[in-house]
Protein chains: 2
Amino acid sequence: MKDPLLEFPGYALRRAANAAGAILSERLGELGLRQADASALILLDANPGLTSSRLGAALGIQRANMVPFLNRLETEGFVERVPIDGRTQGIHLTDQGRARLTDARRVIETFEAELIAMVPREHRTHLLPALLALWK
Amino acid sequence: MKDPLLEFPGYALRRAANAAGAILSERLGELGLRQADASALILLDANPGLTSSRLGAALGIQRANMVPFLNRLETEGFVERVPIDGRTQGIHLTDQGRARLTDARRVIETFEAELIAMVPREHRTHLLPALLALWK
DNA sequence: GCTTTATGCTATGGGCCATAGCAATGATCA
DNA sequence: TGATCATTGCTATGGCCCATAGCATAAAGC
């Protein structure tokens, strides 16, 4: 069967992201985390007290969607909101959040290593810079 | 602001695919098409009479989700189902489907060219093979 | 002080994917 | 040939992620 779609980098990009995302989501799911959760934990660990808006901007999540997202993280005890002024609040990891992050890191690093191992050696170092150029 | 996520190819893959997908979806939307629609039209043009199951397998769409998908394409007059035997049917493009495909091709080829142009020259030829290795 | 902007929020819908289960047909094989 | 198995197309349903519109309050800017 002919597949002309295989010539399109954009199509390959979508399929690759879906395939990789499915694997990672499944593994993070065993920790009770989604991909966005793990990303948020990593970002908050590196930048404690980040604002909801700024965290959302970094993750590419809109303000409106940050609300239920952070609510869930807070309900599960990974995160707490600390008021900064009347309208702004800093998001901080709880001890439980940091503990879960440790587990998540293991999963993610294993996953990323496997991912890189899938691409032929001669293309390997080019993947990350090429991908970053597409959205950064 | 520190962003440790930028070291992860898997994360960059997801962000790049989302960014690219948003642009393509918007442009195809002006033609009344979604990404999966355009992919299906291209595949059906290259392989007339493809079965729903086989088309779904090629596109990475499950049987259950092919039903409303093909219903819509049929309702909009892009596709017709031709019974092969009692339980199998071949999907064929209609003239209207082929016409819309012509427009879609223009959009997609422009998009793909712009996408490739975004990646630095030294990484350009590595992108497609690297991505194909991640799911093919 | 008044206007403008930023922040966090509610409500809602779309697109895409996944699972479970079903009826009917075709294929396989004793 | 007849019984079993596999395939095909389908219904129903829910989850996840994203997008828009609109709102109240608070801070910043003039």
Side-chain angles (χ1 to χ4, degrees), chain A residues 11 13-29 31-40 49-76 79-91 135, chain B residues 11 13-29 31-40 49-76 79-91 135:
Chain A
Y11 180 78
L13 180 62
R14 184 162 66 100
R15 295 297 302 266
N18 285 347
I23 296 172
L24 180 57
S25 288
E26 192 205 334
R27 297 192 191 170
L28 286 176
L31 300 179
L33 295 176
R34 304 175 192 170
Q35 278 180 265
D37 298 352
S39 306
L50 220 49
T51 287
S52 170
S53 308
R54 309 228 319 142
L55 177 61
L59 292 175
I61 301 177
Q62 299 207 350
R63 274 207 320 279
N65 297 320
M66 287 300 290
V67 182
F69 176 63
L70 287 178
N71 284 346
R72 195 169 40 77
L73 289 183
E74 193 174 36
T75 299
E76 299 191 4
V79 140
E80 59 186 354
R81 302 185 224 219
V82 178
I84 295 176
D85 60 29
R87 71 175 171 183
T88 310
Q89 39 190 295
I91 319 289
W135 69 278
Chain B
Y11 180 78
L13 180 62
R14 183 160 67 99
R15 295 296 302 265
N18 286 346
I23 296 173
L24 180 58
S25 288
E26 192 206 334
R27 296 192 191 171
L28 286 175
L31 299 179
L33 295 176
R34 304 176 194 169
Q35 278 180 264
D37 298 352
S39 305
L50 221 50
T51 285
S52 169
S53 308
R54 308 227 319 142
L55 177 60
L59 291 175
I61 302 178
Q62 299 206 351
R63 274 208 320 278
N65 297 321
M66 286 300 289
V67 182
F69 177 61
L70 288 177
N71 284 346
R72 196 169 41 76
L73 288 182
E74 194 174 36
T75 299
E76 299 191 3
V79 139
E80 58 184 356
R81 301 185 224 217
V82 178
I84 294 176
D85 60 29
R87 73 178 167 179
T88 311
Q89 40 192 295
I91 318 289
W135 68 278

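What you are looking at is a predicted structure, and each value in this text was computed from that prediction instead of being measured. The chains referred to below are lettered A, B, ... by the order of the sequence lines, with proteins before strands, and numbering in each begins at 1.
- Remark: A:R81, A:R87, A:T88 in residues 81-88 of chain A come within less than 4.0 Å of DNA chain C through at least one heavy atom.
- Sorted by first then second residue, the side-chain hydrogen bond (donor to acceptor under 3.5 Å, both in side chains) pairs that include residues 66-75 of chain A, not counting sequence neighbours, are A:D37-A:R72, A:N71-A:R81, A:E74-A:R81.
- Within residues 58-76 of chain A, the residues that have a heavy atom under 4.0 Å from DNA chain C are, in order of number, A:R63, A:A64, A:V67.
- For CZ of A:R27, the number of neighbouring non-hydrogen atoms (other residues, nucleotides, ligands) closer than 6.0 Å is greater than 12.
- The CG atom of B:L13 sits 9.5 Å away from the CG atom of B:N18 when rounded to the nearest 0.5 Å.
- Side-chain contact between A:L28 and A:Q35 is present, with heavy atoms from C-beta onward closer than 4.5 Å.
- Residue whose closest nucleotide on DNA chain C sits further toward the 5' end, between A:R54 and B:Q35: A:R54.
- If you take CG of A:L33 and P of D:dC17, they are 11 Å apart, rounded to a whole angstrom.
- Across B:S52 and B:L70, no two heavy atoms sit closer than the pair OG-CD1, 3.6 Å.
- Across the protein-nucleic acid pair, A:R14 atom CZ and D:dC17 atom P stand 18 Å apart, rounded to whole Å.
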Could you pull out every donor-acceptor pair under 3.5 Å between side chains of residues 58-69 of chain B and any protein atom, sequence neighbours left out?
none

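- Counting heavy atoms from C-beta on, the side chains of A:R14 and B:S39 come closer than 4.5 Å.
- Annotation: side chain of B:I91 is not in contact with side chain of B:T51 (no heavy-atom distance under 4.5 Å).
- The stretch residues 16-24 of chain A has no heavy atom under 4.0 Å from DNA chain D, so no residue of it qualifies as close.
- First and last contacts of DNA chain C with chain B, using any nucleotide atom under 4.0 Å from a protein heavy atom and ordered 5' to 3', fall at C:dG15 to C:dG26.
- A:T51 comes within contact range of the sugar-phosphate backbone alone, with a heavy-atom separation under 4.0 Å but no base atom that close.
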